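Worth saying up front: this structure is predicted, and the values here are computed from it rather than measured. Residue numbers start at 1 and run along the sequence shown.
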Amino acid sequence: MSILGAYEPKEVLTFFEEICSIPHGSGKVKQISDYLVKFAKDRGLRYRQDEALNVVIWKDGTPGYEDSAPVIIQGHMDMVAVKENDCQKNLETEGLDLEVVEADGEKWISAKGTSLGGDDGIAVAFALALLDSDTIPHPPLEVVATTDEEVGMDGAAALDCSDLKGRLFLNADSEDEGIFTVSCAGGMRANASVPYEAEVKDGALVEVKLTGFRGGHSGVEINKGRLNANIVLGRVLNALRKAVPVQLVSVSGGDKDNAIAVFSEAACVTDPADVAAAKEALEKEMAVVKEEYASVEKGLTITISAKEQKGIRCMTEKASDQIIVLLMNYINGIQRMNPDMEEMVQTSLNLGILTTSEQAVVFSSALRSSSETEKEHLLERIRAMVELFGGSVETSGNYPGWEYRPESLVRDTFVECYKEQYGKDPIVEGIHAGLECGLFSSKLPGLDCISYGPQMRSIHTTEELLSIDSTARTWELTKRVLARLK
């Protein structure tokens, strides 16, 4: 029995319900990919399915639109599949149990005990409804359903785009109705490894722990002014080394390169006679930090312990000074704002993870920029700084950004149609995080993109919701835009 059959837009929600009945968590997309292939075969549409299980489906323009510029409709077929602890469902073999719930006077779609996958099942449902219709006016369509977006945009990265003719690109992978995304950051991971010389010392082992930082996503929350615990560790350790002779044993902090570090700690050796002075220096500097950031960081704490110990393996005094100075001065935070979009971060770096092995200290960072040249320059700045201290830098996970276009037919058409339909202006913004639009922009020169979508809440969680009314409005907007692109 259909759960969504009584709701509009039926042509979209019918396909969304079918999608939800098929397991399609990231890494387990064969069934949903084959479903899309069967959909195309059943309707006599040209299609292809590649080794990464991406599916591309073509449809001619409707009468009067045959010679219009093709439009690419794009979304990803995988979802973040999570469930509550007491949920017995096997998300690799079973579909979702949908329900309609009331919240804030609206009807929302949810899934019992699991995530919903509105991100990005609704984009695929929009595309299928367009492909299935004989009455909706539209230019030639190239529907691109990618795989494993949620675990690294792997499908988009693997897709051969040589047979795609469209340069007008609609990505329905945003979760806020009325907000149009028109640029995104590219990024990469950079692991800087700095070797050190070690020796064995007797003395007082001083352990310093910094906790209580707010943290956040290193892309969309890098502009909130929040402290990075690893950078603060460098600051307090510098105050320590100026107060008493000290040699590092280790430094560590953070657990994800794309998250602002919420804790950081260090162990070091000093003369037992200097322990009191060491504690005083550390606490004094931390008090200054707390005062400087009192309006942003409310819960900062420093914990210091010390005990005498023999045979402590530690860095030499010179190596300790180098690591502390490097940590204190490591590039971090916003590097440049976007000159074309007010309050939009263009380039940033986050020192997310700090670790110490027996041979080296490793600084792991997430670099982001909507400008490829700025991203590469930022990497060169890190490399030059680290090499000066005898270290080296390795990168991974490089993905391109999507630069803002001063002139955009897609953006102007969406804004115009939105104002006609809603009677107000939409929000047009960039996002300082990665989207598949960046990868497609790098593969299809001159691509004119927008990312949009209906209202969702708590995506990637078991509390995920998709607004039915917003889905209907966004569907009408999509049809209005396609009709305008004649």
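- The two residues Glu102 and Lys107 come nearest to each other via the heavy atoms OE2-NZ, 3.1 Å.
- Between Asn338 atom CG and Met344 atom CE the span is 6.5 Å, to the nearest 0.5 Å.
- Side-chain contact between Met79 and Leu96 is present, with at least one heavy-atom pair separated by less than 4.5 Å.
- Side-chain contact of Ser370 with Ser183: a donor-acceptor pair under 3.5 Å is absent, judged by distance alone.
- For Phe414, the ring pair (Phe, Tyr, Trp, His ring centres under 6.0 Å) test picks out Phe180, Tyr452, with sequence neighbours left out.
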Self-check item: side-chain hydrogen bond (donor to acceptor under 3.5 Å, both in side chains) assessment of Glu84 paired with Thr114
Solution: CA-CA 6 Å; Glu84 294 174 354; Thr114 69; over 6 Å; no
Exercise. Evaluate the criterion salt bridge (Lys or Arg N to Asp or Glu O under 4.0 Å) for residue pair Arg484 and Glu416; output intermediate values, then yes/no.
Key: CA-CA 10 Å; Arg484 195 68 53 86; Glu416 180 182 88; 2.6 Å; yes
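- With contacts defined as side-chain heavy-atom distances shorter than 4.5 Å, the pair Val345/Met337 qualifies.
- Atom CE of residue Met456 and atom OG of residue Ser174 lie 8.5 Å apart, to the nearest 0.5 angstrom.
- Using a cutoff of 4.0 Å between basic side-chain nitrogens and carboxylate oxygens, Arg457 and Glu463 are not scored as salt-bridged.
- Smallest separation of non-hydrogen atoms from Thr395 and Leu379: CG2-CD1, 3.6 Å.
- In this structure, the side chain of Ser33 does not engage the main chain of Lys30 through any donor-acceptor pair within 3.5 Å.
- Side-chain contact, Asp176 with Gln455: a donor N or O sits under 3.5 Å from an acceptor N or O.
- The minimum heavy-atom distance between His432 and Gln346, with the atom names listed, is CE1-O, 3.5 Å.
- The two residues Lys375 and Leu367 come nearest to each other via the heavy atoms O-CD2, 4.1 Å.
- Side chains of Gln49 and Asp34: a donor on one and an acceptor on the other come within 3.5 Å.
- Side-chain contact check for Thr181 and Ser451: no donor-acceptor pair (N or O, by modelled atom type) lies under 3.5 Å.
- Leu130 is listed as a side-chain neighbour of Trp475, based on a closest heavy-atom distance under 4.5 Å.
- Looking at residues two or more places apart in sequence or on another chain, you find a side chain to side chain contact (heavy atoms under 4.5 Å, CB included) between Tyr65 and Thr62, Ser68, Pro137, Pro139, Ala483, Lys486.
- For the 3.5 Å distance criterion, the side chains of Ser392 and Glu387 fail to qualify, holding no donor opposite an acceptor.
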Practice problem: Please test Gln335 against Arg381 for side chain to side chain contact (heavy atoms under 4.5 Å, CB included), starting from the C-alpha separation and ending with a verdict. | Solution: CA-CA 12 Å; Gln335 302 301 300; Arg381 288 175 61 197; 3.0 Å; yes
Quiz item: For His460 and Val82, what are the C-alpha separation, side-chain angles and deciding distance, and is it a side chain to side chain contact (heavy atoms under 4.5 Å, CB included)?
Solution: CA-CA 7 Å; His460 303 174; Val82 295; 6.0 Å; no
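- No side-chain donor-acceptor contact under 3.5 Å links Asn54 and Thr146.
- By the 6.0 Å contact criterion, CG on Asp60 is open, its count of non-hydrogen atoms from other residues, nucleotides or ligands being 12 or less.
- Residues Pro426 and Val415 have side chains in contact (heavy-atom distance under 4.5 Å, counting atoms from C-beta outward).
- Residues Val55 and Met77 form a side-chain contact, since some pair of their non-hydrogen atoms from C-beta on lies under 4.5 Å apart.
- The nearest pair of heavy atoms linking Ser264 to Ala229 is CB-O, 3.4 Å.
- A 4.5 Å side-chain heavy-atom check between Val386 and Tyr330 finds at least one atom pair inside the cut-off.
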Practice problem: Please report the C-alpha distance between Ser371 and Thr373 in whole Å, then the side-chain angles of each, then the deciding distance to 0.1 Å, and finally whether the side-chain hydrogen bond (donor to acceptor under 3.5 Å, both in side chains) criterion is met. | Solution: CA-CA 5 Å; Ser371 165; Thr373 55; 3.0 Å; yes
Practice problem: Before giving the answer on side-chain hydrogen bond (donor to acceptor under 3.5 Å, both in side chains), spell out for Ser467 and Glu106 the whole-Å C-alpha distance, their side-chain angles and the decisive distance to 0.1 Å. | Solution: CA-CA 7 Å; Ser467 167; Glu106 289 188 50; 3.1 Å; yes
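- Side-chain contact, Glu177 with Ser470: a donor N or O sits under 3.5 Å from an acceptor N or O.
- Residues His217 and Asn258 bring no donor and acceptor atom of their side chains to less than 3.5 Å of each other.
- With a 4.5 Å cut-off on side-chain heavy atoms, Asn332 and Asn350 count as touching.
- The aromatic rings of Phe39 and Phe15 stand perpendicular to each other, their planes meeting at an angle above 60°, with 30° marking the opposite boundary.
- Under 3.5 Å, the side chains of Asn191 and Glu394 contain no donor-acceptor pair of N or O atoms.
- A donor and an acceptor atom, one from each side chain of Ser365 and Arg189, are nowhere located under 3.5 Å apart.
- By the 6.0 Å contact criterion, NZ on Lys290 is enclosed, its count of non-hydrogen atoms from other residues, nucleotides or ligands being greater than 12.
- Summarising the local packing, CD of Glu66 is surrounded by more than 12 heavy atoms from other residues, nucleotides or ligands at distances under 6.0 Å.
- Side chains of Ser408 and Asp448: a donor on one and an acceptor on the other come within 3.5 Å.
- The environment of CZ in Phe389 is crowded: more than 12 heavy-atom neighbours from other residues, nucleotides or ligands sit within 6.0 Å.
- Leu439 contributes atom CG, which lies 9.5 Å from atom CD of Glu149 (distance to the nearest 0.5 angstrom).
- Within 6.0 Å of NZ on Lys28 lie no more than 12 heavy atoms contributed by other residues, nucleotides or ligands.
- Geometrically, Arg167 does not engage Phe169 in a cation-pi contact, judged by NZ or CZ lying under 6.0 Å from the ring centre and within 45° of the ring axis.
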Exercise. Decide yes or no on salt bridge (Lys or Arg N to Asp or Glu O under 4.0 Å) for Arg235 and Glu292, but give the supporting numbers first.
Key: CA-CA 13 Å; Arg235 177 171 175 173; Glu292 289 177 354; 2.8 Å; yes
Practice problem: Assess whether salt bridge (Lys or Arg N to Asp or Glu O under 4.0 Å) is satisfied between Asp97 and Lys89, documenting all intermediate values. | Solution: CA-CA 9 Å; Asp97 295 327; Lys89 182 176 293 294; 3.3 Å; yes
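- Looking at Glu175, its side chain never comes within 3.5 Å of a backbone N or O of Pro454 through a donor-acceptor pair.
- With 3.5 Å as the limit, one finds a donor-acceptor pair spanning the side chains of Glu436 and Gln74.
- Leu447 CG to Cys437 SG: the interatomic distance, rounded to the nearest 0.5 Å, is 7.5 Å.
- Closest non-hydrogen pair, Gly215 versus Val262, comes out as CA-CG1, 3.4 Å.
- Within a 6.0 Å sphere centred on NZ of Lys10, heavy atoms belonging to other residues, nucleotides or ligands number more than 12.
- A salt bridge is defined here as a Lys NZ or Arg NE, NH1 or NH2 lying under 4.0 Å from an Asp or Glu carboxylate O, and Arg336 with Glu374 meets this definition.
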Quiz item: Is there a ring pair (Phe, Tyr, Trp, His ring centres under 6.0 Å) between Trp58 and Tyr47 once you walk through the steps?
Solution: CA-CA 6 Å; Trp58 287 265; Tyr47 73 93; 8.8 Å; no
Exercise. Report the C-alpha distance between Arg226 and Glu221 in whole Å, list the side-chain angles of each, state the deciding distance to 0.1 Å, and finish with yes or no for salt bridge (Lys or Arg N to Asp or Glu O under 4.0 Å).
Key: CA-CA 8 Å; Arg226 299 174 185 176; Glu221 292 174 310; 3.5 Å; yes
